[in-house]
Amino acid sequence: MKTIDINLESTRYPVYLGRGCLHDRSLWDRHLGRGKVLLVTNETVAPLYLSLLLEALGGRKAEVHVLPDGEQHKTVKTWNGILDKLVDMQARRDATLIALGGGVVGDITGYAAASYMRGVRFMQAPTTLLAQVDASVGGKTGVNHPQGKNLIGAFHQPHAVMIDSATLDTLPAREFNAGMAEVVKYGALCNREFHDWLQANSARIAARDGQAVDYLIERSVLDKAEIVGQDEKESGIRALLNLGHSFGHALESETAYARFLHGEAVAIGMVTAARLSENRGLCEPGTAASLAALLKKFDLPVLIPEDLSVERLAAALKLDKKAVASGLRLVLLKSIGEAVVDQGSTAEQILNAIKESQG
């Protein structure tokens, strides 16, 4: 098992990586406080890993709250249900919430922990590739609004993160591939060497070779830890982690969070951002095609469906949470391995890039 320390201005916490760490009792004993414990999971993950985790708690009494599965349930109503559970169990400020599941479970649970009594501790036990390489680390928590992704939330860092890659053995292929979009993102925005490694090892990854998967998780967490360590609350460099997300979030909100998995929308968004970068002369021609070719190796979509309104997608970008008063901030590419936060794109350029990405 390996440990990566996340060092922030406000706090420090460990990320444990290794097959079997989910049911390592010594880890949970080390990090659980003395207060009451609420374990939040969903209806898909609960039958697979809930009993294993409860056993790892060593007989420690824990309440359980099971959520419906799916991005469409990442709402204020679902979040409020967790708060109701905490009140019903008379949890105090020494309580600990444990998020067992993917990014949706982690985001909602973290936001409940940030909100309850103005902040209680929580721990992440991510069971999807997307959550392991991205959502569980960095402290972004929140829920969606019908008009925009993650518009409601807070920064609230976990007390510890347990990344057990063995949980990926039960992850459906579509979910695994969606997680690969976030992995590809790290190579594209800050690590050309990692991008090249992904290209060279795509067959091993698609076959879920254990050694390759463990490496890409570790490399992704290290890259995110380095960026988040410099900018905890996204006032600067951390915004680079949103490569593909502005366009991706617009796709998700315009399809009621039901048509695309988050990673699928991000994959399309990254290619669209790369195409805009090319059109702006920020990067070399062919960058978008190269990025799309890698994403396709993991059966990810790279084009915006023709039945979606280009104008509506462009309008949805205006409510993106990364927008500022002076205009829309987009993460664009100078090359594979180097991203930049840019506010120089005109409405016409953005619209044209969306049109060119439709097919």
Side-chain angles (χ1 to χ4, degrees), residues 70-71 102-104 128-135 149-150 168 171-192 194-199 201-203 205-206 208 213 216-217 219-220 223-224 240-255 257-278 283 286-308 310 313 316-317 320 322 330-333 336-337 339 350 353-359:
E71 185 80 30
V104 171
T128 66
L129 181 60
L130 188 145
Q132 291 179 357
V133 300
D134 189 70
K149 174 101 170 181
N150 293 332
L168 302 181
L171 193 66
R174 185 184 176 195
E175 292 276 359
F176 182 88
N177 292 336
M180 283 305 303
E182 294 284 2
V183 175
V184 170
K185 177 192 76 176
Y186 290 111
L189 73 90
C190 68
N191 192 334
R192 179 59 189 257
F194 185 37
H195 173 86
D196 293 344
W197 181 88
L198 292 170
Q199 289 272 22
N201 290 274
S202 59
I205 296 166
R208 302 205 204 185
V213 170
L216 69 84
I217 293 171
R219 185 66 262 168
S220 298
D223 283 345
K224 184 163 190 179
L240 295 177
L241 293 170
N242 292 311
L243 175 64
H245 283 60
S246 293
F247 292 109
H249 288 172
L251 281 168
E252 289 182 273
S253 62
E254 280 302 298
T255 53
Y257 307 105
R259 183 166 176 175
F260 300 102
L261 295 178
H262 175 63
E264 293 170 341
V266 168
I268 297 171
M270 280 194 288
V271 176
T272 305
R275 188 164 282 114
L276 176 59
S277 303
E278 286 185 34
C283 66
T287 301
S290 176
L291 190 57
L294 177 56
L295 292 163
K296 286 179 181 179
K297 290 185 177 183
F298 306 112
D299 292 328
L300 285 162
V302 295
L303 295 174
I304 297 170
E306 292 183 342
D307 61 308
L308 296 183
V310 171
L313 287 172
L317 285 171
D320 187 88
K322 293 173 286 299
L330 294 172
V331 182
L332 302 180
L333 291 177
I336 297 294
I350 293 170
I354 295 174
K355 288 178 179 177
E356 291 172 19
S357 296
Q358 197 166 42

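One-based numbering along the sequence shown. It should be emphasised that the depicted structure is a prediction, and the values quoted were computed from it without experimental measurement.
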Quiz item: Under a 4.5 Å cut-off applied to non-hydrogen side-chain atoms, are Trp197 and Leu216 in contact?
Solution: yes

Practice problem: Please round to the nearest 0.5 Å and tell me the distance separating atom CG of Leu189 and atom CG of Leu243. | Solution: 6.0 Å

Self-check item: Donor-acceptor pair, side chain of Glu264 and main chain of Leu261, under 3.5 angstrom
Solution: yes

Exercise. Check the pair Val133 / Lys224 against side-chain contact (heavy atoms from CB on, under 4.5 Å), numbers first and verdict last.
Key: CA-CA 8 Å; Val133 300; Lys224 184 163 190 179; over 6 Å; no

Exercise. Please assess Ile336 against Gln199 for the test side-chain contact (heavy atoms from CB on, under 4.5 Å), listing each intermediate value before the final yes or no.
Key: CA-CA 12 Å; Ile336 297 294; Gln199 289 272 22; over 6 Å; no

Quiz item: Below 4.5 Å, heavy atoms only, C-beta onward: do Leu171 and Phe176 meet side chain to side chain?
Solution: yes

Self-check item: Met180 and Leu198, any side-chain heavy atoms less than 4.5 Å apart
Solution: yes

Quiz item: Any donor-acceptor pair under 3.5 Å linking the side chain of Gln358 with the backbone of Leu303?
Solution: no

Quiz prompt | Nearest heavy-atom neighbours spanning Ala250 and Ala316 | solution = CB-CB, 3.9 Å

Practice problem: Look only at the side chain of Arg208 and the backbone of Leu168, and say whether a donor-acceptor pair between them is shorter than 3.5 Å. | Solution: yes

Exercise. Identify the heavy atoms of Ala178 and Leu130 that sit nearest to each other, and give their distance.
Key: O-CD1, 4.0 Å

Please list every donor-acceptor pair under 3.5 Å in which a side-chain atom of residues 266-277 meets a protein atom from a residue at least two apart or in another chain.
unit_1: Thr272; atom_1: OG1; unit_2: Ile268; atom_2: O; d: 2.9
unit_1: Thr272; atom_1: OG1; unit_2: Ser357; atom_2: OG; d: 3.3
unit_1: Arg275; atom_1: NH1; unit_2: Ser357; atom_2: OG; d: 2.8
unit_1: Ser277; atom_1: OG; unit_2: Ala273; atom_2: O; d: 2.7
unit_1: Ser277; atom_1: OG; unit_2: Leu333; atom_2: N; d: 2.9

Quiz item: Going from CG on Leu313 to CD1 on Ile350, what distance comes out if it is rounded to the nearest 0.5 angstrom?
Solution: 12.0 Å

Self-check item: Under 3.5 Å: donor-acceptor pair, side chain of Thr255, backbone of Leu251
Solution: yes

Quiz item: Does Asn177 use its side chain to pair, donor to acceptor, with the backbone of Ala173 at less than 3.5 Å?
Solution: yes

Quiz item: Taking only residues two or more places apart in sequence or in another chain, which ones pass salt bridge (Lys or Arg N to Asp or Glu O under 4.0 Å) with Glu356?
Solution: none

Quiz item: Any donor-acceptor pair under 3.5 Å linking the side chain of Glu278 with the backbone of Thr287?
Solution: yes

Practice problem: Apply side-chain contact (heavy atoms from CB on, under 4.5 Å) to Val184 and Phe298, showing your working. | Solution: CA-CA 10 Å; Val184 170; Phe298 306 112; 4.2 Å; yes

Quiz item: Under a 4.5 Å cut-off applied to non-hydrogen side-chain atoms, are Cys190 and Leu240 in contact?
Solution: no

Quiz prompt | Which atom of Val331 lies closest to which atom of Ala339, heavy atoms considered | solution = CG1-CB, 3.9 Å

Quiz item: What is the minimum heavy-atom distance between Ser246 and Leu330, and which atoms define it?
Solution: CB-CD2, 3.7 Å

Exercise. Search all heavy atoms of Ala188 against all heavy atoms of Leu291 and return the closest pair with its distance.
Key: CB-CD1, 4.1 Å

Quiz item: For the side chain to side chain donor-acceptor pair (under 3.5 Å) test, which of Glu252, Lys149, Glu182 pairs with His245?
Solution: Glu182

Quiz item: Phe247 versus Ile304: any side-chain heavy-atom pair under 4.5 Å?
Solution: no

Quiz item: Between Asp134 and Tyr186, is a side-chain contact (heavy atoms from CB on, under 4.5 Å) present by the stated rule, with each step listed?
Solution: CA-CA 10 Å; Asp134 189 70; Tyr186 290 111; 2.9 Å; yes

